[in-house]
Amino acid sequence: MSNSRIAVCPGSFDPVTFGHTDIIHRASKLFDKVIVLVSVNAVKNPSFTTVERVQLINKVLDSLQLDNVVVDIWDGLLADYVKQVGAVAIIKGLRAVSDFEYEFQMALANKILYDGAETVFLTTSAENMYLSSSVVKQIASFGGDISHFVPGCILRDITERLVPKEIQKN
Ligand code: PNS
């Protein structure tokens, strides 16, 4: 068995935001390898395809130059993936108390499905408390400025997809 400590950072990433990159960056300092896992959230209807979301994350990772972070796709149970790759941790970012109940439930369920990994919660940075992919999508859909919320290298991709053509600025 390899000694490297792998963490999986799962999510919808629809699209990736500064909230995600903050958690990924901090996780990369705690573990030997971090796998950003684009997974299926059964209750969400994504705006970007899985492949598009991976492309956006890869662009962002290129700009961050984090040597120990990779991206993968999984459409099954998170616990099965974690077991398969031998990860020791599932990393989740916690914003407000409102996240807690849902995340706690998932952590307990994942622990029952596979007890070889721990869910590790990282508190979100204060400036990202309010930030979510849904907020970004909503602001973009009205043509608002999302440059405070998503990395500059993917701003154009997100704008082209989410801002209605008639209100897109060049
Ligand atoms: O960014 P999200 O939408 O909050 O991420 C939720 C996600 C995708 C991590 C969660 O829905 C998930 O783990 N999906 C994979 C399927 C699974 O294992 N579901 C049961 C979790 S207890």
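Note that the structure is predicted; figures quoted are calculated from it, not measured. As the structure lists them, so they are numbered: ligands from 1, and atoms in each ligand from 1. Below, all heavy atoms of this structure are taken into account, side chains as well, without hydrogens, waters or symmetry copies.
- Membership of the apolar cluster around Y102 extends to M106, as traced through chained side-chain contacts below 4.5 Å between ILVMFWY residues.
- At a 4.0 Å heavy-atom cut-off, the residues surrounding ligand 1 are P10, G11, S12, S39, V40, N41, K44, G76, L77, L78, K92, M106, A109, N110, listed by chain and number.
- Within the 3.5 Å criterion, the main-chain N or O of A87 finds no donor-acceptor partner in the side chain of K33.
- Qualifying salt bridge (Lys or Arg N to Asp or Glu O under 4.0 Å) partners for K111, counting only residues two or more places apart in sequence or in other chains: E118.
- Ion pair D22/R26 flagged as a salt bridge, since at least one NZ, NE, NH1 or NH2 atom sits closer than 4.0 Å to an Asp/Glu carboxylate oxygen.
- Cluster partners of L94, using a side-chain heavy-atom cutoff of under 4.5 Å among ILVMFWY residues and allowing indirect links, are F100, F104, L108, F121.
- Looking at S125, its side chain never comes within 3.5 Å of a backbone N or O of E127 through a donor-acceptor pair.
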